[in-house]
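Worksheet: the structure to be examined is printed underneath.
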Amino acid sequence: MAMGIFSRVSLDLIYARPDQTDAEWRAELKQALAFGTDHLSLYQLTIEPEYALRFAAQKRSIADYSG
C-alpha cells in the first residue's frame, strides 16, 4: 500500500457517476476515509456536451465508452 512507502498520500474520488447510487457512493467514501490518508479530494463528475462520454451516458451505458 502506498501509505507504507510514501510520507504523504492523498486520494481523489469522483462522485455522481451515471448509475451510481447513494449507497454505492457512501460505501466508496467510507472505504476511502478508512484508509486514513493525509488528504481526500471529492469531485463531482461533469459530463460536457458533444463529448463521447456524454453520448454513452445518455445511452446509460458507460461501458460502451471506449475513449
Side-chain angles (χ1 to χ4, degrees):
M1 170 118 208
M3 291 178 62
I5 300 170
F6 301 102
S7 60
R8 288 187 51 92
V9 176
S10 64
L11 292 175
D12 293 348
L13 298 179
I14 297 175
Y15 65 95
R17 299 184 315 268
D19 298 325
Q20 181 185 37
T21 66
D22 286 345
E24 290 170 333
W25 168 239
R26 290 174 200 269
E28 291 170 19
L29 183 56
K30 184 178 179 178
Q31 183 179 15
L33 290 170
F35 284 120
T37 59
D38 299 310
H39 182 82
L40 179 62
S41 294
L42 309 176
Y43 300 96
Q44 180 177 335
L45 177 64
T46 302
I47 301 175
E48 299 293 337
E50 303 304 319
Y51 285 87
L53 185 57
R54 163 69 79 182
F55 301 119
Q58 287 173 335
K59 291 190 314 184
R60 306 303 291 172
S61 180
I62 295 302
D64 291 343
Y65 175 67
S66 62

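The residues of the chain are indexed from 1 along the displayed sequence.
- Distance check: Leu42 CG to Leu11 CG gives 10.0 Å after rounding to the nearest 0.5 Å.
- Ala27 meets the side-chain contact (heavy atoms from CB on, under 4.5 Å) test with no other residue; sequence neighbours excluded.
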Donor-acceptor pairs under 3.5 angstrom involving side-chain atoms of residues 32-40: please list them, not counting sequence neighbours.
unit_1: Thr37; atom_1: OG1; unit_2: His39; atom_2: O; d: 3.2
unit_1: Asp38; atom_1: OD2; unit_2: Val9; atom_2: N; d: 3.1
unit_1: His39; atom_1: NE2; unit_2: Ser41; atom_2: OG; d: 2.8

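- Residue pairs satisfying the side-chain hydrogen bond (donor to acceptor under 3.5 Å, both in side chains) criterion with at least one member in residues 8-17, sequence neighbours excluded, are listed as follows: Arg17-Glu28.
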